Amino acid sequence: MRIAFAVVVTALVGMGLAASAALAQEQPPPIPTPPGTPNPWPGKKFDVFFYVETLTASPGESIFGKAAPQRCTQTNFFARGERAVWHISAVNARKGTIITNEDVKYAYLKIPGMKNIGVTYTPHGRDPATAPWTWTARWDIPLDYPLGVVPFELVMKLKNWPKGKVATFKQIPISLEQMTVIGSR
Amino acid sequence: MRWREKTSRAAGRARLSGLTAALAGAAAISVLVAPSAVPATAPPGPRAVPPPTIEGVPPLPGPITAPGKPGSNGLLLLKSTPDTGNVGTKFTLSGGGLPENKSVDIVWGTSRGAFMLDVQPVNVAYEGRKFEPISVVLGRAKTDASGGLSVDLTAPEDYGETHDLYLVSNGVQLAKGGFRITRNFSVTPSEGVLGSPITIKVTGLGAHPFLSTVAIIYDNKYSGFISATTTRGTAVAQVRAAGPVGVHTIEVAPASAAVPYLDIEQSAIAFVGKHRTTFRVTKDVGPPRNSVEFPANPTPTVDSRVTLTVGTSAGVTARLAPQSGPILSNVKLSASGLAPSAPAELQWLTTQGSRVNGLGWSLDQWPLGRAATAADGSLSASIKVPEDLGGWHTVRIVQAGQVKAEVPYYLSQRLAGVTAVKVKAGEEFTVHLKGIGWTELDNALAVTYDNAYIGYACGFYSQGDIKMNLVASGGPGTHLIDLYPMVYKSGAMNDVWLRSTPMLSFKQDAPGLALGYRIPAYHLAIRVVK
């Protein structure tokens with residue numbers, strides 16, 4: 001879930017280093033990229049690209065009164081009674097545009113044993129004018145929820161899509177990288 | 001490092017051993033590995049070596065199965081009561097709303113642990129550990145007529161922390177639950193004379209680098225680490241009761257990096273906890289006898305061996321008996337299928353060099369002597385194992401310049417002696433060992449003094465010989481020196497374990513066991529006098 005973020009950070013750092021190097025000395029002309037396949041990692045084509053991260057909430061937010069020791073921190077481990085928060089970015093891969101609430105008919109999370117949890121497009125911060133907007137969901141984990149992996153599924157339907165067509169996201173089944181409920185911290 | 005095999009060698013380095021050639025006919029003594037089964041070259045690159053079968057190590061909790069896929073209607077939830085406990089905890093798995101009268105598999109999510117090794121002609125490189133997620137069938141059950149399920153289960157002897165539980169029918173996951181195996185510690189006995197063994201058993205070590213390892217702290221001294229990489233979360237280790245007479249504190253501390261993590265209460269994995277107890281040394285009855293403690297002797301799971309280069313020609317068989325032993329052992333070599341009534345050269349393949357002087361090391365061949373085959377192409381000879389590095393070597397049979405057979409031989413370590421055993425504090429004493437190897441698994445031993453880790457000694461550059469000069473310290477009485485197997489991680493950092501520290505659970509969980517390496521611990525003692 002954090003791969004996309006890491007790629008962005010790495011790219012930014014790389015751009016910064018490149019700029020510094022350019023100031024320090026004149027660079028030789030770049031070696032042209034050899035011709036290759038346009039898409040070196042061909043895969044399925046999707047209509048929507050999702051970036052999904054899970055984070056801890058702030059103290060007092062969970063209805064069960066429990067909170068992780070650090071707020072608003074990326075993690076895939078949540079103790080029973082804590083609130084899990086999703087931050088999701090969605091991109092219309094066909095148009096190359098950010099998907100906002102204007103584009104979406106509905107979006108929700110499916111969590112085993114729970115009612116579907118609505119996913120809303122909200123500002124992350126006190127001032128909506130300056131705060132970054134993100135798709136968000138929250139789940140207060142029941143005190144008796146089973147321990148272990150939570151195989152949640154994100155479902156999103158765009159307004160102009162035909163009946164039955166939705167975009168979905170599931171976690172990559174990598175051990176210890178999936179959302180996991182633990183008894184306590 | 002140089003991988004070039006030397007084809008000639010200085011005469012001054014020749015180690016001609018006693019050789020007796022005789023006509024074939026002597027009964028071949030069985031060996032563990034048939035040479036014909038050994039591949040000519042080791043497969044390149046690091047790989048997870050399958051753990052060997054070792055008595056006392058728990059098996060998989062059930063047959064491996066596919067984890068199943070979620071059904072189109074999503075997953076129901078299962079309740080485990082209790083849902084947390086030690087290995088052996090009885091719990092009930094229950095749920096409702098399931099299909100009526102349906103037979104289901106209870107699928108338990110777990111892992112398969114292995115060491116990552118790269119077996120090369122001149123080295124075994126340690127590349128870390130691998131925990132592969134797998135699913136096993138823990139049991140089978142049938143839902144009742146109303147779609148309910150209640151089944152009594154026992155937490156298996158398995159890796160610690162959370163395990164997913166799924167009800168699976170025809171490959172479809174119907175419901176999901178979970179159970180957490182917690183760590184459990186035992187330290188026995190609680191008292192004994194100085195030098196007596198203290199056994200530490202841990203169950204529920206996790207299948208993840210940061211959940212998998214603990215360390216022993218003895219009177220605030222680091223003694224070594226305990227792991228259960230290939231032993232399904234259960235580890236058994238021993239340290240010896242170090243003096244002086246009186247009560248001593250033992251702590252089994254979390255140790256992801258193989259050294260103790262001292263503020264686990266503030267860690268993101270504080271839930272792993274730690275264990276503290278005491279041991280009372282009742283009496284100092286003098287230094288216990290020196291002893292060498294070998295690990296289990298399982299059948300290796302990997303045929304690849306260092307120094308094997310060419311393999312054995314078609315139609316030729318060759319055997320050594322015994323297949324392992326210390327330096328200067330007499331070994332019987334028998335072969336068949338060779339060119340009849342012809343001379344044969346016998347060679348010993350080894351390595352020479354160093355990791356630290358920049359020149360590297362390479363394969364070397366030492367002459368073991370000459371023999372002659374019988375009219376039927378058989379050969380029987382006696383060879384003497386050179387005074388050399390320990391570990392796997394190859395005995396070669398060469399005829400007319402062509403390698404006809406290569407047979408692996410394991411040169412085992414041995415204690416040459418300790419001098420002096422009665423010393424004053426500040427005086428020097430020497431620990432002398434033979435047959436130390438050169439790979440990252442057996443080139444060195446980690447050393448403790450009264451259960452305090454003090455460093456390691458290596459025998460590679462000295463061709464298997466360790467003479468370790470130590471200084472006696474502490475008050476009058478018995479003092480313990482223990483040497484343990486360790487991992488010398490050369491360039492491989494694909495692991496959080498720090499290098500060169502004592503592997504206290506070496507008897508069952510050591511990377512070399514799958515390759516046939518049997519690296520012992522040495523339990524030595526001196527007496528400090530006024």
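All chains are named by letter (A, B, ...) in the order of the sequence lines, taking the proteins before the strands, and each is independently numbered beginning at 1. Note that the coordinates shown come from a computational prediction; the quantities given were computed from them, not determined experimentally.
- A donor-acceptor contact closer than 3.5 angstrom links the side chains of B:W108 and B:D158.
- Residue contact with chain A, scored on non-hydrogen atoms closer than 4.5 Å, involves the side chain of B:T84 exclusively.
- The pair B:D495-B:R129 meets the salt-bridge criterion, since a charged nitrogen lies less than 4.0 angstrom from a carboxylate oxygen.
- For B:K176, the parts lying near chain A are the backbone and the side chain together; criterion is any non-hydrogen pair under 4.5 Å.
- Only the side chain of A:P151 comes within contact range of chain B, with heavy atoms under 4.5 Å apart.
- Checking A:Y51, A:F152, A:Y108, A:W135 one by one against A:W86, the ring-ring contact (aromatic ring centres under 6.0 Å, His included) holds for a single residue, A:F152.
- Within the 4.5 angstrom heavy-atom criterion, only side-chain atoms of A:Y145, from C-beta onward, approach chain B.
- A salt bridge is defined here as a Lys NZ or Arg NE, NH1 or NH2 lying under 4.0 Å from an Asp or Glu carboxylate O, and A:R138 with A:E61 fails to meet this definition.
- Note: B:D83 leads B:D83, B:T162, B:L75 in heavy-atom pairs under 4.5 Å with chain A.
- Using a 4.5 Å cut-off between heavy atoms, B:I269 makes no contact with chain A at all.
- A:K66 and A:E82 are not joined by a salt bridge, as no carboxylate oxygen comes within less than 4.0 angstrom of a charged side-chain nitrogen.
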